[in-house]
Amino acid sequence: MPPEPSDLAPLVTGWFRTNARDLPWRRPGFPAWGTLVSEFMLQQTQVSRVIPRLEEWLGRWPTPADLAAEPPAEAVRAWGRLGYPRRALWLHAAATQIAERHDGIVPSDVDQLLALTGIGAYTARAVAVFAYGDRHPVVDTNTRRVIARSVRGQGEPGPPNAKADLPAMAALLPESRSEAAVFNAGLMEIGAVVCTARAPRCEECPLREVCAWRAAGYPAYDGPVKTKQKQFAGSDRQVRGIIMAELRSTHRSLTDEELRALWPDGEQFDRALAGLVADRLAVRVDGGYALPHD
DNA sequence: TAAACGTGGCC
DNA sequence: TGGCCAAGTTT
């Protein structure tokens, strides 16, 4: 028998209160700006790699206005090797928009958050909930997986579904604002440390007694096959990364010859560099290329 | 809608 | 060791 929605919340919140990891963004008094920065950094990136960059970032730019006052190049440099450097550009753009449109205050309204560059359905609600304590469903890869298993009895969540995922999480949310916030964080935490994609630790799971997947005998996933990641070695992505690392390493512009020496396949190099320029991660300056200055 | 987008951790 | 996965968003 699948769990009633009301069954989950007390198990999740009770477990979270004693098992939550001690993470920077959970410290008392952590600023909304810090939450926003952390959520940008956490997109597709592991917690352990984010923490050191986050601390540096907030030490250097304690408010959105501080970041907005710098050229985008500095944001991209400070991003370092976190990956997906367009996120650094987006975060800089969002900081500028917050400074200009919101008096430098990170908004709590989901629609205003969604209007900021680089903020989508997940990040907007994560900020509203974790920074401001508002009541919204927060849906990420962790909560989708925990719901698929514990509620629907399926091993994997299947592809994201904008129409279904938010209502599915909303149906589980406690009425109380503060309980809802803890529930959001708790369900994510269960997915991150217990109900993991591979080798879930079901014996330690607070939902084990109500889990529909467990009750059904852990049936194998039989839904749509997910598109698999392409090989990174030799990809355009790798070339882009190599070029960006070189651009980050210096404050002067680099000549076409200097950059071209980084990769043997000239045609692929051209494609990668053109892509970076199109994405505004690199700009043409006095006969060479550099990170973007406003 | 699906593909593109970095880098590293983990088994 | 190679493939899957990671607090997603954009086009």
Side-chain angles (χ1 to χ4, degrees), chain A residues 16 20-21 23-26 34-54 76 79-91 93-94 113-131 136-146 155-163 165-166 169 181 184-193 195-201 221 224-248 271-272 274-276 278-282:
Chain A
F16 186 68
R21 288 171 294 175
L23 300 172
W25 43 92
R26 293 176 180 164
T35 301
L36 179 50
V37 174
S38 75
E39 293 299 348
F40 267 87
M41 291 183 170
L42 286 163
Q43 292 168 4
Q44 297 287 280
T45 306
Q46 301 91 328
V47 166
S48 62
R49 292 207 293 142
V50 162
I51 290 175
R53 288 284 84 72
L54 176 68
V76 172
W79 198 256
R81 300 190 64 80
L82 274 182
Y84 293 145
R86 58 181 54 184
R87 291 182 294 165
L89 238 36
W90 291 342
L91 180 51
L113 286 161
L114 284 170
L116 301 175
T117 303
I119 294 193
Y122 165 75
T123 303
R125 289 172 182 79
V127 170
V129 171
F130 300 139
H136 302 281
V138 178
V139 174
D140 78 329
T141 188
N142 294 121
T143 58
R144 288 187 351 95
R145 184 175 53 251
V146 178
E156 296 180 30
N161 183 331
K163 292 280 187 289
D165 292 342
L166 248 25
M169 184 66 180
N184 277 126
L187 207 65
M188 283 179 67
E189 187 82 344
I190 290 171
V193 305
C195 190
T196 51
R198 287 168 299 186
R201 306 142 79 112
Y221 174 69
V225 180
K226 63 186 62 167
T227 62
K228 59 177 183 183
Q229 275 186 357
K230 275 196 297 200
Q231 177 77 40
F232 180 69
S235 67
D236 286 6
R237 266 162 134 158
Q238 183 187 19
V239 184
R240 287 169 58 107
I242 290 169
I243 295 171
M244 288 303 296
E246 195 70 10
L247 292 176
R248 284 197 308 268
R271 194 166 60 237
L276 291 173
D279 292 341
R280 311 294 316 207
L281 282 164

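In what follows, every chain begins at residue 1, and chains take the letters A, B, ... in the order their sequences are listed.
A pairwise comparison of heavy atoms in Val129(A) and Asn184(A) identifies CG1-OD1, 3.9 Å as the closest pair.
On the P atoms, dA7(C) is 22 Å away from dC5(B), given to the nearest whole Å. For the P atom pair drawn from dG8(B) and dT10(C), the interatomic distance equals 24 Å after rounding to whole Å. On the C1' atoms, dA6(C) is 22 Å away from dT1(B), given to the nearest whole Å. dT1(C) and dG6(B) are spaced 28 Å apart, taking the P atom of each and rounding to whole Å.
Using modelled atom types, no side-chain atom of Arg125(A) and backbone atom of Val139(A) make a donor-acceptor pair closer than 3.5 Å. Judged purely by atom type and a 3.5 angstrom limit, Arg53(A) has no side-chain atom pairing as donor or acceptor with the backbone of Gly80(A).
Nearest-nucleotide positions on DNA chain B for Asp279(A) and Ser48(A) put Asp279(A) closer to the 5' end.
A salt bridge (charged side-chain N to carboxylate O under 4.0 Å, His left out) with Glu156(A) is found for one member of Arg144(A), Lys226(A), Arg198(A) and no other, namely Lys226(A).
Distance check: Arg280(A) CZ to Leu89(A) CG gives 8.5 Å after rounding to the nearest 0.5 Å. The distance from atom CZ of Arg86(A) to atom CG of Leu91(A), rounded to the nearest 0.5 Å, is 15.0 Å. Rounding to the nearest 0.5 Å places CG of Leu54(A) at 8.0 Å from CG of Leu42(A).
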Heavy-atom protein contacts under 4.0 Å, nucleotides 4-11 of chain C, coded B base, S sugar-phosphate only, - none: BBBBBSS-
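When heavy atoms are screened at a 4.0 angstrom cut-off, Phe232(A) is found touching base atoms of the nucleic acid. At the heavy-atom level, Pro85(A) lies under 4.0 Å from the strands shown only through sugar-phosphate atoms.
Of all the residues in residues 233-240 of chain A, Arg237(A), Arg240(A) reach under 4.0 Å from DNA chain B with at least one non-hydrogen atom.
Close approach of DNA chain B to chain A, defined as any atom under 4.0 Å from a non-hydrogen atom of the protein, starts and stops at dA3(B) to dG9(B).
At a cut-off of 3.5 Å, with distance as the only test, no side-chain donor of Gln43(A) or Tyr122(A) sits close to an acceptor on the other residue.
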